[in-house]
Undergrad: 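Handing you this structure, nothing more for now.
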2 protein chains.
Amino acid sequence: MSRLLKHVEIREYVRDLVQGSAPGTAAPSERDLVDRFGVARMTVRQALDALVSEGVLERHPGRGTFVAVPRRLPTGVSSFTEDMAAKGIVAESRTLVAERVRPTESLLVALRLRPDDMVVHWRRLRLADGRPVCISDAFLPETMVPGLLEKLPASLYDDLASRGRRPTWAEDDVAARTATDAEAELLEIPVGGVVLTRSRRALWRETPVEVSRTAFRGDQHSIALLLRN
Amino acid sequence: MSRLLKHVEIREYVRDLVQGSAPGTAAPSERDLVDRFGVARMTVRQALDALVSEGVLERHPGRGTFVAVPRRLPTGVSSFTEDMAAKGIVAESRTLVAERVRPTESLLVALRLRPDDMVVHWRRLRLADGRPVCISDAFLPETMVPGLLEKLPASLYDDLASRGRRPTWAEDDVAARTATDAEAELLEIPVGGVVLTRSRRALWRETPVEVSRTAFRGDQHSIALLLRN
DNA sequence: CAGTGGTCTAGACCACAGT
DNA sequence: CTGTGGTCTAGACCACTGG
């Protein structure tokens, strides 16, 4: 039995229907969906609104609703595992810390938590073809990823995706500094070597899902970006 | 005479009301707005939906609607001059090199030039409130900016804008390394200090406009980004 | 012309917050 | 308890598009 909200049910129905269709293909009209699901038109519109704001559909007044031209191609909010796979490199990671902690004040704000909420802290050394690439600290609301610590996934973003919470956008801040001694040792670079750091707040729709800080080996890595106005 | 749609009128009313309020401040409740404007609740919700998706407001079921924690500003393809102005800082620059040169092979490709085309090379030391921030080398097709060298503008992107060629998108590559001796001296950092580098190819529509390489003082500067899927 | 999406009404019941 | 946002109904009129 479907315990879904109606507008969710309709949204997923249309999403499946449209999956893989060429841009410009007509989607069912709002009144068609009203008849098919026996709901009010506002409910159908609520479902289609979501798909439009996701960039799946486009509305054309007086004509209909159509599959949208594909969105922004490039990385967007990318996952380390995917970035490496795209280069044909096998990504590995070694868990250094996986714990349940009380959030700091800044985490509380960034993740939009309530005072008693706990966060999951996961620190990993990440490797490509067996060589250290970066150290990352990820912080996630415990309620967002129940059971994560009991069974650490191979890819955090894959895990979030399976929970329907893959980040849709992120705020990044990129900087450079010298490595701490601990970082230098883990990354196998000289003490005082250069690291490229990335602070990220990743969100799904309007909900913060992850805050992370990553330090990349400066001598090997760079961050590629595509910016649009 | 206001020819505004009701939901637009309500949206702008709330936007003004909330302008400058601290995050967490309560916005009018939906039923308040229904009374104030004499409209149906769906109409009010339509107005608030827009503000929520803009990140201006947050909804908290059972509690109310509140001013959202501010997002970082979207960057898009930003200009140094504009970035500084946004922070209330006076940007200056000191021209180190301004010349007409034959393009290297990689510039020829990146700027999509023909073999005999020349490029303008402009190197600047850029300062904020009188202190060095970065060194940038910009390369532009000569045909794109005739007369630039005869009258160097205060802001390159302003100049491009006045020619109708302001970059609409860019490919950036961000990395970290130690400064060269020359860079260290200009940036007033210790020899061997850290710099954050950005290689950019900026395009207007599908036409390459600029290739630049910039080295920022790593101890002071970071690059803020907004990524979307 | 009939069909589309855009806007809007005037209600309703629900789950949830805080008092 | 009251008030909040979340969902939903069953209509309505409009401007616009296409045939």
Undergrad: Go through DNA chain D and write down every stem, that is, every run of at least three consecutive Watson-Crick or G-U wobble pairs with distances under 3.5 Å, as range with range.
TA: C:1-16 with D:3-18
Undergrad: Let me check something: any side-chain donor-acceptor pairs from residues 104-111 of chain A under 3.5 Å, sequence neighbours excluded? List them with distances.
TA:
| from | atom 1 | to | atom 2 | distance (Å) |
| --- | --- | --- | --- | --- |
| A:Thr104 | OG1 | A:Ser106 | OG | 3.4 |
| A:Thr104 | OG1 | A:Leu107 | N | 3.2 |

Undergrad: Using OP1 and OP2 only, check whether a side-chain N or O of B:Ser29 sits under 4.0 Å from D:dG3.
TA: no
Undergrad: Taking atom C1' of D:dT7 as reference, at what distance in whole Å does atom CG of B:Asp49 sit?
TA: 12 Å
Undergrad: For the pair made of CZ in A:Arg31 and C1' in D:dA12, what is the distance, rounded to whole Å?
TA: 11 Å
Undergrad: Please table the atom pairs, donor to acceptor, closer than 3.5 Å between any side-chain atom in residues 136-147 of chain A and protein atoms at least two apart or in another chain.
TA:
| from | atom 1 | to | atom 2 | distance (Å) |
| --- | --- | --- | --- | --- |
| A:Asp137 | OD1 | A:His121 | NE2 | 2.7 |
| A:Asp137 | OD1 | A:Arg123 | NE | 2.7 |
| A:Asp137 | OD1 | A:Arg123 | NH2 | 3.2 |
| A:Asp137 | OD2 | A:Arg123 | NE | 3.3 |
| A:Asp137 | OD2 | A:Arg123 | NH2 | 3.3 |
| A:Glu142 | OE1 | A:Arg100 | NE | 3.3 |
| A:Glu142 | OE2 | A:Arg100 | NE | 2.3 |

Undergrad: Under 3.5 Å between N/O atoms: give me all the protein pairs with nucleotides 9-11 of chain D, atom names plus distance.
TA:
| from | atom 1 | to | atom 2 | distance (Å) |
| --- | --- | --- | --- | --- |
| D:dT9 | OP1 | A:Lys6 | NZ | 3.0 |
| D:dT9 | OP2 | A:Ala40 | N | 2.7 |
| D:dT9 | OP2 | A:Thr43 | OG1 | 2.7 |

Undergrad: Between B:Leu57 (CG) and D:dT4 (P), how many Å, whole number?
TA: 15 Å
Undergrad: Among residues at least two apart in sequence or on other chains, which ones pass side-chain hydrogen bond (donor to acceptor under 3.5 Å, both in side chains) with A:Arg36?
TA: A:Tyr13
Undergrad: Does anything in residues 16-29 of chain B form a side-chain hydrogen bond (donor to acceptor under 3.5 Å, both in side chains)? List the pairs, not counting sequence neighbours.
TA: none
Undergrad: Within this structure, what is the CD-to-P distance between A:Glu9 and D:dC8, rounded to whole angstrom?
TA: 10 Å
Undergrad: With sequence neighbours left out, write down each residue that passes side-chain contact (heavy atoms from CB on, under 4.5 Å) with A:Ala179, or none if nothing qualifies.
TA: A:Glu183, A:Ala184, A:Ile189, A:Val195
Undergrad: Report, one pair per line, the protein and nucleotides 15-19 of chain D atoms (nitrogen or oxygen only) whose separation is under 3.5 Å.
TA:
none

Undergrad: On DNA chain C, compare the nucleotides closest to A:Gly64 and B:Gln46; which residue's is nearer the 5' end?
TA: A:Gly64
Undergrad: Under the side-chain contact (heavy atoms from CB on, under 4.5 Å) rule, collect the residues that match up with B:Arg15, sequence neighbours excluded.
TA: B:Arg11, B:Glu12, B:Leu51, B:Glu54, B:Val56
Undergrad: Name all residues meeting the side-chain hydrogen bond (donor to acceptor under 3.5 Å, both in side chains) criterion together with B:Arg31; count only those two or more places apart in sequence or in a different chain, and write none if there are none.
TA: none
Undergrad: A:Val34: what forms a side-chain contact (heavy atoms from CB on, under 4.5 Å) with it, not counting sequence neighbours?
TA: A:Arg41, A:Val44
Undergrad: Compare side-chain N and O positions of A:His7 against OP1 and OP2 of D:dC8 and report whether any pair is under 4.0 Å apart.
TA: yes
Undergrad: Looking at every heavy atom in both B:Ala202 and B:Ala170, which two are closest together, and how far apart are they?
TA: CA-CB, 4.0 Å
Undergrad: In whole angstrom, give the distance that lies between atom CZ of B:Phe66 and atom C1' of D:dG5.
TA: 10 Å
Undergrad: So, OP1 or OP2 of D:dG5: does either fall under 4.0 Å of a side-chain N or O from B:Arg45?
TA: no
Undergrad: Between the side chains of A:His7 and A:Glu9, is a donor N or O closer than 3.5 angstrom to an acceptor N or O?
TA: no
Undergrad: In whole Å, what is the span from the CG atom of A:Leu48 to the P atom of C:dG5?
TA: 8 Å
Undergrad: Tell me, please, which residues at least two apart from B:Pro153 pass side-chain contact (heavy atoms from CB on, under 4.5 Å).
TA: B:Trp122, B:Leu148, B:Asp159
